[in-house]
2 protein chains.
Amino acid sequence: MDGNTDNKEKEIKALLKGKKIRPSIIRVKVLKYLLDNRNHPTADRLFSALENDIPTLSRTSIYNTLKTFLDEGVVSEITIEDGNSRYDAFTGKHGHFICEKCGGVSDFDVKCATCAPESLNGYKINQEHVYLRGLCPNCIKSGGDGNEKNFRKKRCKKSS
Amino acid sequence: MDGNTDNKEKEIKALLKGKKIRPSIIRVKVLKYLLDNRNHPTADRLFSALENDIPTLSRTSIYNTLKTFLDEGVVSEITIEDGNSRYDAFTGKHGHFICEKCGGVSDFDVKCATCAPESLNGYKINQEHVYLRGLCPNCIKSGGDGNEKNFRKKRCKKSS
DNA sequence: TCCAATTTTGTAATAATTACAATTTTGTAA
DNA sequence: TTACAAAATTGTAATTATTACAAAATTGGA
Ligand SMILES: [Mn+2]
Ligand SMILES: [Mn+2]
Ligand SMILES: [Zn+2]
Ligand SMILES: [Zn+2]
């Protein structure tokens, strides 16, 4: 609990207040986790990461918090793989890469300012997502030749 | 059952054989549906569309078929919204737009040949997806002002 | 302090997908 | 054609992420 941590918490609270979200303990901790860890966690990963810190935490609260954040545009939802939404508090435009072997999701800068063509001028575009799937350097090194069959996610059982 | 239909079926069977997939009745009908209807159906929509035609059809067979197609690259999976995978047999590079009001998914041509930057040169990229979310012209006309809160999919009950 | 509004929690319900074993269908060799 | 193994299909049950909902706890201001 040094001054630095204190400062960051103040910033987070201010950020939430700016969006008319009451900065409850859970909300602050969820947002802090997302800002500190750019690992695009699932709701369940968030729960696991915070349950020690907040012993009374429930999964529903994580979902509630994320829904609030989504509604106010504090986080965005990444549906890069089916069956597991991931969440991102970094709001600058960027794309997401998922490794089909280790499942890790990382950021990258998309080349183009927008991928939407003029043919969509009758549409209102609210969000733009660019997702890549493939193999990360680590997994290439450790044996993957990159020619495996399409990765099929197994439903990933909650870790314990 | 005109000659045209016959012809198309032959093409589909040839396509499957070329991928070493035995062209069973279900597989041919699923692929035919996907080629005839570019509506990016969910597994359940496919089931509903074909169950009259194949009275003994089971949902598991739809899933089995789609998994086979995915493994051989005959279709691609669209995870533009969480909780409902959609499938596309059109393999040319294109992006997908989902209307947050009516849920319709449509194709568009992405501007850029690739959105992947040079910074990913240590990665092997197998797939590239561009997803847009917003409002389609129809839904804009019929009242949506485009400033609604983020669309949150409700789990969409199987249409009876 | 007190109270209404908000947040959090626990539990049950929902629904997409998968696991799996039984049944049916199919290709082919005899 | 017949027989049989391999492949495909089916039905059912299990899994699991998410949502619904009502009760309990917390909170901010009067
Ligand atoms: Mn990100
Ligand atoms: Mn498409
Ligand atoms: Zn990896
Ligand atoms: Zn629409």
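In the text below, chain A, chain B and the rest are named by the order of the sequence lines, each starting its count at 1. If you're wondering where the values come from, they're calculated on a predicted model, not measured in any experiment.
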S24(A) side chain N/O closer than 4.0 Å to the phosphate oxygens (OP1, OP2) of dT6(C)?
no
Closer than 4.0 Å, any side-chain N/O of R27(A) to the OP1 or OP2 of dT7(C)?
yes
Whole angstrom is fine here: how far is it from [atom1] in [X] over to [atom2] in [N]?
X	N	atom1	atom2	value
L16(A)	dT6(C)	CG	P	17 Å
I62(A)	dA17(D)	CD1	C1'	14 Å
I54(A)	dA25(D)	CD1	C1'	15 Å
E72(B)	dA8(D)	CD	P	11 Å
I26(A)	dG10(C)	CD1	P	10 Å
E81(A)	dT18(C)	CD	P	12 Å
R59(A)	dA12(C)	CZ	C1'	15 Å
E51(B)	dT10(D)	CD	P	12 Å

According to the ring pair (Phe, Tyr, Trp, His ring centres under 6.0 Å) rule, which pairs have a member within residues 21-43 of chain A, sequence neighbours left out?
H40(A)-H96(A)
In short, ring pair (Phe, Tyr, Trp, His ring centres under 6.0 Å) pairs touching residues 102-136 of chain A with sequence neighbours left out are Y123(A)-F97(B), H129(A)-Y131(A), Y131(A)-Y131(B)
What's T60(B) touching, base or sugar-phosphate or nothing? Going by heavy atoms closer than 4.0 Å.
base
Please classify the nucleic acid contact of T56(A) as base, sugar-phosphate, or nothing, using heavy-atom distances under 4.0 Å.
sugar-phosphate
Taking for N64(B) and for R22(B) the nucleotide of DNA chain D with the nearest heavy atom, the one nearer the 5' end belongs to R22(B)
Hphob cluster co-occupancy, L15(B) + V75(B), side-chain heavy atoms under 4.5 angstrom
yes
State plainly whether one hydrophobic cluster holds both V74(A) and Y63(A), where clusters connect Ile, Leu, Val, Met, Phe, Trp and Tyr through side-chain heavy atoms under 4.5 angstrom apart.
no
Would you please test T42(B) and R45(B) for side-chain contact (heavy atoms from CB on, under 4.5 Å) and show each step?
CA-CA 5 Å; T42(B) 61; R45(B) 197 182 211 292; 3.5 Å; yes
Hey, which of T65(B), I12(B), D53(B), L46(B) is the one that makes side-chain contact (heavy atoms from CB on, under 4.5 Å) with K29(B)?
D53(B)
Whichever of A43(B) and S58(A) has its nearest DNA chain C nucleotide further upstream toward 5':
S58(A)
Ionic contact status for K20(A) with E72(A), cut-off 4.0 Å
no
Any idea which of dT18(C), dT8(C), dT10(D) is nearest the Y63(B) side chain?
dT18(C)
Which nucleotide, dT9(C), dT18(D), dT10(D), lies nearest any side-chain atom of S61(B)?
dT10(D)
Pairs under 3.5 Å (Watson-Crick or G-U), crossing ones as [ ], inter-strand ones as |: DNA chain C comes out as ||||||||||||||||||||||||||||||
